[in-house]
J.: 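First the structure, which I've put down as structure tokens, then a few questions once you've had a look.
Keep in mind the model is a prediction, meaning the values are calculated, not measured.
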Amino acid sequence: MTFESLSLILGMEVKQFLYLTKCSLNVLSCIITNLYCIPTYLLWMWVILLPFRLLNHPGYWYLEGVMFRCLLTVVGGWSWRSKFQIIEMGDDISTCTRDRCLFLVNHQSTADVPLLMLAFHEKDHVLESIMWIMDRMFRYTNFGAVSVTHGDYFITQGKHVREYQMKKLRDHLLKVYIGRNRKWIILFPEGGFLSKRLETSVKYATKNNFPVLEHVTLPRIGAMEVILNTLRPDGNLKDVIDNEVSLLKGTDEECEPLKWVVDLTVAYPDPQRPIDLLAICSSNRPPCSVYLYYRCYPINEVPMDSTESLRDWTYARWSEKEELLKEYYTTGLFPHQPLSQRQNNPSEDRKKRSHNVMMDTMQLILIHLMFISSSVFHCYLLYMVGSFTQY
């Protein structure tokens, strides 16, 4: 072996060692962040501010929303640090940040949620008033206690519990979503990741003569139907609140119905290997762009007269997602509209919008300093309490 070959091998090994060290330190930083952010949030909400909840119910949930927004901004910062650029296309959702909206999102990997946190953090009044609907298993993750406190909904899948879960969801919408003045609901109707559900979806579609999709899976509409029927504009929401939720006063703000259904398509550059949570935490993947494509539908354009009509409307939206993703993965360019709509409306250009999501690094630093200083304050309080109990 020549000296040049040995030097080359040693150089590659050093680069590999430095790369693994960098990835390990990034993961360690995420773990440490969890250790000082999540306990701090829980101590504020469960202990220090709990008496304030009895005195001022809306004020308590406003403060909780501020803390929740800070937490989600921190998680979004992990994607920003890993240089995963989010490009928003389609309709401008910044115009409906104060409206009640239902977001329907395709589900590809564990990165979907933190990337949405990054995208939504620059939208005013969103992260603090958002409600996530997620699988029950996420209740037992490190972020589970935070989500329970905030009022996210954990759904259990299965035919044997479907009716019970839908009733629980309706009650949750009335008592928590409305009671805490939430605005955006984030729902993944596919019920699981693309890689896990694709084969079942194709078999079901083929058997029942539904659209056969490759880049998304056929959505389930049970939860969506409950949300729409509970929060629909003609649903007499004030009467329902007056009769069923004693904590609420039936004000105009509380009784605000859903105004928009937003179809959101998430597109990763590699369909076979989408970004995952490990890539976000460790920064072990090259920088890339992730596309978020929005289409906003006024609630009165969504058919709610029957389950079948709602199903067909939702399947049509998923077929459009399939068009977008198929063209993107074929050409490498994400289209401004599905191909079928460009053919029907060649002059239509209202969706030719592209926006790069940015994050204010100084704001992120200040949020971290706030959580760190709060942790020091809580440690001091615990020390004082411990010292007092010794006497």
Side-chain angles (χ1 to χ4, degrees), residues 26 29-30 33-34 36-38 40-41 61-101 103 105 109-134 138 142-143 146-147 149-152 180-188 260 262 264-268 275 277 279-281 283 287-294 296 353-372 374:
N26 285 336
S29 71
C30 292
T33 300
N34 276 278
Y36 66 75
C37 285
I38 293 178
T40 293
Y41 167 92
W61 289 116
Y62 171 80
L63 294 175
E64 186 278 333
V66 173
M67 292 290 293
F68 190 74
R69 178 185 182 87
C70 292
L71 266 180
L72 267 56
T73 301
V74 167
V75 176
W78 299 344
S79 302
W80 182 252
R81 178 196 62 191
S82 298
K83 298 182 180 179
F84 297 137
Q85 178 67 59
I86 293 178
I87 301 176
E88 296 182 321
M89 299 180 66
D91 293 335
D92 184 3
I93 60 169
S94 62
T95 60
C96 55
T97 56
R98 293 182 178 270
D99 299 327
R100 284 195 162 140
C101 307
F103 278 71
V105 192
S109 79
T110 51
D112 294 346
V113 171
L115 286 171
L116 290 183
M117 292 176 182
L118 173 59
F120 294 159
H121 95 278
E122 66 173 11
K123 313 289 190 299
D124 292 336
H125 313 291
V126 169
L127 288 184
E128 60 265 42
S129 62
I130 205 168
M131 188 182 88
W132 303 83
I133 298 181
M134 62 193 85
F138 291 102
N142 61 314
F143 216 76
V146 173
S147 293
T149 305
H150 180 70
D152 296 329
R180 299 178 187 179
N181 194 29
R182 305 305 184 210
K183 296 297 183 181
W184 285 11
I185 302 175
I186 312 300
L187 175 66
F188 298 92
W260 302 95
V262 182
L264 168 53
T265 302
V266 181
Y268 295 99
I275 297 168
L277 187 58
I280 287 177
C281 293
S283 304
C288 64
S289 296
V290 178
Y291 288 91
L292 300 183
Y293 183 85
Y294 304 99
C296 300
R353 185 188 72 92
S354 179
H355 167 68
N356 289 2
V357 173
M358 304 297 292
M359 174 165 276
D360 186 342
T361 304
M362 182 55 65
Q363 180 192 47
L364 188 60
I365 292 173
L366 290 175
I367 289 175
H368 277 279
L369 290 176
M370 182 272 292
F371 277 114
I372 292 172
S374 291

J.: Applying side-chain contact (heavy atoms from CB on, under 4.5 Å), run through Tyr41 and His150 and close with a yes or a no.
T.: CA-CA 11 Å; Tyr41 167 92; His150 180 70; 4.1 Å; yes
J.: Examine distances only and state if a side-chain atom of Asp92 and a backbone atom of Ser94 form a donor-acceptor pair shorter than 3.5 Å.
T.: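 Side chain of Asp92 to backbone of Ser94: a pair is present.
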J.: Less than 4.5 Å apart, side chain to side chain, heavy atoms only: is that true for Phe84 and Cys288?
T.: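 Yes. Closest side-chain heavy atoms under 4.5 Å.
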J.: Over all heavy atoms of both residues, which pair between Thr110 and Pro114 is shortest? Give the atoms and the distance, please.
T.: O-CD, 3.4 Å
J.: Which pair of non-hydrogen atoms, one from Ala279 and one from Ser82, has the smallest distance, and what is that distance?
T.: O-OG, 3.8 Å
J.: Heavy atoms only: give me the nearest Ser79-Leu118 pair and the separation to one decimal.
T.: CB-CD2, 3.8 Å
J.: Please determine which of Arg100, His125, Glu128, Arg98 meets the side-chain contact (heavy atoms from CB on, under 4.5 Å) test together with Lys183.
T.: Arg100
J.: Can a donor-acceptor pair be found, under 3.5 Å and without considering hydrogens, that links the side chain of Asp360 to the backbone of Met362?
T.: yes
J.: Flag the pair Trp184 / Phe120 as yes when their ring centroid distance falls below 6.0 Å, and as no otherwise.
T.: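 Between Phe120 and Trp184, which both carry aromatic rings, the centre distance is below 6.0 Å.
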J.: Looking at CD1 of Ile275 and CG of Asp112, how far apart are the two atoms once the value is rounded to the nearest 0.5 Å?
T.: 10.0 Å
J.: On a heavy-atom basis, which atom in Met359 and which in Thr73 lie closest, and how many Å separate them?
T.: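 Looking at all heavy atoms of both residues, the closest pair is CE-O, 3.7 Å.
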J.: Do His121 and Gln363 meet the criterion of a side-chain donor-acceptor pair at a distance under 3.5 Å?
T.: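 No pair is found: no donor N or O on one side chain lies under 3.5 Å from an acceptor on the other.
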J.: Kindly indicate, with the supporting measurements, whether the criterion side-chain contact (heavy atoms from CB on, under 4.5 Å) is fulfilled by Cys30 and Arg81.
T.: CA-CA 11 Å; Cys30 292; Arg81 178 196 62 191; 3.6 Å; yes
J.: Between the main-chain N or O of Ala111 and the side-chain N or O of Ser109, is there a donor-acceptor pair closer than 3.5 Å?
T.: yes
J.: Distance from Tyr294 atom OH to Arg353 atom CZ, nearest 0.5 Å?
T.: 7.5 Å
J.: Working to the nearest 0.5 angstrom, can you tell me the gap between Trp61 CH2 and Asn181 CG?
T.: 12.5 Å
J.: Atom NE2 of His355 and atom CG of Leu292: how far apart are they, to the nearest 0.5 Å?
T.: 10.5 Å
J.: Would you sort out whether Val75 and Phe143 count as a side-chain contact (heavy atoms from CB on, under 4.5 Å), showing the intermediate values?
T.: CA-CA 10 Å; Val75 176; Phe143 216 76; 4.2 Å; yes
J.: Measuring only between side-chain heavy atoms, which start at C-beta, is Thr33 closer than 4.5 Å to His368?
T.: yes
J.: Could you tell me the separation between the CD1 atom of Ile280 and the CH2 atom of Trp80, rounded to the nearest 0.5 Å?
T.: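 Taking CD1 in Ile280 and CH2 in Trp80, the distance rounds to 14.0 Å.
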J.: Quickly, which of Ile130, Val262, Leu116 forms a side-chain contact (heavy atoms from CB on, under 4.5 Å) with Phe103? Name it, please.
T.: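 For Phe103, the side-chain contact (heavy atoms from CB on, under 4.5 Å) test succeeds with only one of Ile130, Val262, Leu116, which is Val262.
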J.: Is there a donor-acceptor contact under 3.5 Å from the side chain of Glu88 to the main chain of Tyr291?
T.: no
J.: Check whether any side-chain heavy atom of Leu115 sits under 4.5 Å from a side-chain heavy atom of Val266, and report yes or no.
T.: no
J.: Apply side-chain contact (heavy atoms from CB on, under 4.5 Å) to residues Asn26 and Trp78 and explain how you reach the verdict.
T.: CA-CA 9 Å; Asn26 285 336; Trp78 299 344; over 6 Å; no
J.: Looking at every non-hydrogen atom in both residues, tell me the closest pair between Leu187 and Ile133 and how far apart they are.
T.: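 Shortest heavy-atom separation between Leu187 and Ile133 comes out as CD1-CG2, 3.9 Å.
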J.: Quick check for you: to the nearest 0.5 Å, what is the distance between Met67 atom CE and Ser374 atom OG?
T.: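 Output value for this atom pair is 6.0 Å.
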J.: How close do Leu364 and Gly77 get, counting heavy atoms only, and between which atoms?
T.: CD2-CA, 4.0 Å
